[in-house]
Enquirer: 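The structure's right below; bear with me while I get my questions together.
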2 protein chains.
Amino acid sequence: MTSVLVCDDSPLAREALRRAVATVPGVERVTTAANGEEVLRRWGADRSDLVLMDVRMPGLGGVETVRRLLSADPGARIIMLTVAEDLDGVALAVAAGARGYLHKDASRAELRATVTQALADPTWRLAPRRLRSAEMGAAPTLTAREIQVLEGMSHGRSNAEIGRELFLSEDTVKTHARRLFKKLGASDRAHAVALGFRWGLVR
Amino acid sequence: MTSVLVCDDSPLAREALRRAVATVPGVERVTTAANGEEVLRRWGADRSDLVLMDVRMPGLGGVETVRRLLSADPGARIIMLTVAEDLDGVALAVAAGARGYLHKDASRAELRATVTQALADPTWRLAPRRLRSAEMGAAPTLTAREIQVLEGMSHGRSNAEIGRELFLSEDTVKTHARRLFKKLGASDRAHAVALGFRWGLVR
DNA sequence: ACGACGGTCACCCAAAAGAGTTACGGGCTA
DNA sequence: TAGCCCGTAACTCTTTTGGGTGACCGTCGT
């Protein structure tokens, strides 16, 4: 009897989570709790295989609940739920023994994948997936020259300056620039530099 | 001989951190490394009492470096440095054994307090303080508007487009642009975007 | 051997950017 | 209250950019 406990103080979020978790293959029962106290109170009589818990809750916070739950039952598997960059909460919860965390704005698929994983592997720890939206995976390939030009741009040099530096004519630099814009899908040099940073092509 | 090792791939941040840490009472030596490999390579011959390490680094990431460093020397004390909502990194690093973390935009006082605490108490763990004030070292302070304009630039928008987006005239956007260039020491928008990334002002 | 690609360069042209300057109102602070 | 910074805006003037296009020469792989 595989059961999951969802704990969140917001009824909307709780319900949404309950429904999402219920669609995970293998999950036969999903119970909910509105706060940490409720989780602890019921844990003795009714344990679940996995707990999804909001980091930020009124009363006992998520972190304190993790601590108490684990001291009562060291085998409890807990995944924290978090909105935004709740660094403190997540870090503390993980330090306290939570297995991982999920962004609340993670996709349903994301949530299900993580829950599936956590249920399948009792030793599972921290496989926090953050959706990299669309295009991640197709890293644009710039030539060495193009990278040099992009780097020049990132150092605030004009095309003419880059040309002097690389012993090229300004026109050639412009050609490289145009080509790398195309490859990166950049609309101008500032955009190209930003994309370069985001892709890890320059620093 | 109390020594601290600062590891960050960004020369700007590294230098700023080095200077800030050097002002902590009791710290006699501050060494720096540009990447995880360097830290590990030097650790055998030259250990420090505390390591400040960027979460996000090329090559061995901060997290992997933490793992390896701790498996080599379980007593190593490490504090992660992070920009923005680097949830994955921080959570992983803490799970791997880092003692805590610091936002890169924490104030200098913040940084010093945490380093002092970590050095004073070998058992210290996770006292992540988040302060707003900013200006670590020479970190330029941009106004909200200026950041918005910089972000617009990083998305490849023209001044006119940014203006439309923010309900400003193009001329006003240009004014903000000129001012933020001055603050960042940028020679053009591409340079400004690069510096924004290097300082962690945009992503 | 042909084609694709990369590196080099040139020319034209419209649009954008950047520098300099001025200005006004609001808010905070010394 | 005077000063300073911020946000807003406009104006001028010069420089730079970016797009389009065409071209020549290697190298590589098919």
Side-chain angles (χ1 to χ4, degrees), chain A residues 138-202, chain B residues 105 107-109 131-199 201-202:
Chain A
T141 309
L142 301 192
T143 67
R145 266 296 193 238
E146 286 162 353
I147 297 252
Q148 288 180 309
V149 170
L150 184 57
E151 267 166 356
M153 289 178 181
S154 83
H155 290 305
R157 309 206 217 292
S158 68
N159 291 332
E161 284 170 335
I162 295 171
R164 256 169 263 136
E165 206 168 333
L166 300 179
F167 304 103
L168 298 176
S169 79
E170 184 184 342
D171 280 318
T172 301
V173 175
K174 288 178 80 174
T175 299
H176 288 307
R178 254 177 278 120
R179 289 180 182 166
L180 75 89
F181 288 172
K182 198 119 207 154
K183 286 186 182 175
L184 291 174
S187 51
D188 58 37
R189 49 180 53 217
H191 196 194
V193 166
L195 293 169
F197 271 90
R198 297 191 183 116
W199 283 114
L201 300 170
V202 292
Chain B
D105 65 353
S107 70
R108 212 187 177 78
L131 275 200
R132 212 50 267 180
S133 49
E135 42 83 40
M136 178 179 70
T141 308
L142 300 192
T143 66
R145 265 299 190 236
E146 286 161 353
I147 298 256
Q148 287 180 311
V149 170
L150 184 57
E151 267 167 356
M153 289 177 182
S154 83
H155 290 304
R157 309 206 218 294
S158 68
N159 291 332
E161 284 170 335
I162 295 171
R164 255 170 263 135
E165 207 168 331
L166 301 179
F167 304 104
L168 298 176
S169 79
E170 184 184 342
D171 281 318
T172 301
V173 175
K174 287 177 86 171
T175 299
H176 288 306
R178 252 176 284 120
R179 288 180 183 168
L180 77 87
F181 288 171
K182 198 120 210 155
K183 286 185 182 176
L184 291 173
S187 52
D188 58 36
R189 53 179 49 218
H191 196 194
V193 165
L195 292 169
F197 270 90
R198 296 192 182 116
W199 281 116
L201 300 171
V202 293

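Sequence lines set the chain letters: A, B, ... in the order given, protein chains first and strands last, and positions in each chain run from 1.
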Enquirer: Output one line per pair: protein atom, nucleotide atom from nucleotides 3-8 of chain D, and distance, for all N/O pairs under 3.5 Å.
Expert:
unit_1	atom_1	unit_2	atom_2	d
D/dG7	OP1	B/Thr143	OG1	3.4
D/dG7	OP2	B/Thr143	OG1	2.8
D/dG7	N7	B/Arg179	NH1	3.0
D/dT8	OP1	B/Arg145	NE	3.2
D/dT8	OP1	B/Arg145	NH2	2.8
D/dT8	OP2	B/Arg145	NE	2.7
D/dT8	OP2	B/His176	NE2	3.0
D/dT8	O4	B/Arg179	NH2	3.1

Enquirer: Output the rounded distance in Å from CG (A/Leu180) to P (D/dG19).
Expert: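 Taking atom P of D/dG19 as the reference, CG of A/Leu180 is at 11 Å.
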Enquirer: Rounding to an integer number of Å, can you tell me how far A/Asp171 CG sits from C/dC12 P?
Expert: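 Atom CG in A/Asp171 sits about 11 Å away from atom P in C/dC12.
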Enquirer: Step by step, would you call B/Leu184 with B/His191 a side chain to side chain contact (heavy atoms under 4.5 Å, CB included)?
Expert: CA-CA 9 Å; B/Leu184 291 173; B/His191 196 194; over 6 Å; no
Enquirer: Roughly how far, to the nearest 0.5 Å, is OG1 of B/Thr172 from CZ of B/Phe167?
Expert: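 Rounded to the nearest 0.5 Å, the CZ-OG1 separation comes out at 14.0 Å.
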Enquirer: Quick one: which of A/Leu150, A/Val202, A/Val149 gives a side chain to side chain contact (heavy atoms under 4.5 Å, CB included) with A/Leu142?
Expert: A/Leu150
Enquirer: Check whether A/Ser187 reaches the backbone of B/Gly156 with its side chain - one donor and one acceptor, N or O, closer than 3.5 Å.
Expert: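 Yes.
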Enquirer: Sort me out a list of protein N/O and nucleotides 16-18 of chain D N/O pairs below 3.5 Å, or just none if empty.
Expert:
unit_1	atom_1	unit_2	atom_2	d
D/dT17	OP1	A/Asn159	N	3.4
D/dT17	OP1	A/Arg189	NH1	3.2
D/dT17	OP2	A/Asn159	N	3.2
D/dT17	OP2	A/Asn159	ND2	3.3
D/dG18	OP1	A/Arg189	N	2.7
D/dG18	OP2	A/Arg189	NE	3.2
D/dG18	N7	A/Lys174	NZ	3.0
D/dG18	O6	A/Lys174	NZ	2.8

Enquirer: Starting from P on C/dG18, measure out to CG on B/Leu184 and report it in whole angstrom.
Expert: 13 Å
Enquirer: Nearest whole Å is fine: how far is C/dC9 C1' from A/Arg164 CZ?
Expert: 17 Å
Enquirer: Apply side chain to side chain contact (heavy atoms under 4.5 Å, CB included) to A/Arg179 and A/Thr143, showing your working.
Expert: CA-CA 10 Å; A/Arg179 289 180 182 166; A/Thr143 67; over 6 Å; no
Enquirer: To the closest 0.5 Å, what do you measure between CG (B/Asn159) and CG (B/Leu168)?
Expert: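 If I round to the nearest 0.5 Å, the distance is 11.0 Å.
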Enquirer: Find the distance between NE2 (A/His176) and CZ (A/Arg178) and round it off to the nearest 0.5 Å.
Expert: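 Separation between the atoms: 10.5 Å.
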Enquirer: Apply salt bridge (Lys or Arg N to Asp or Glu O under 4.0 Å) to A/Arg145 and list each qualifying residue two or more places apart in sequence or on a separate chain.
Expert: none
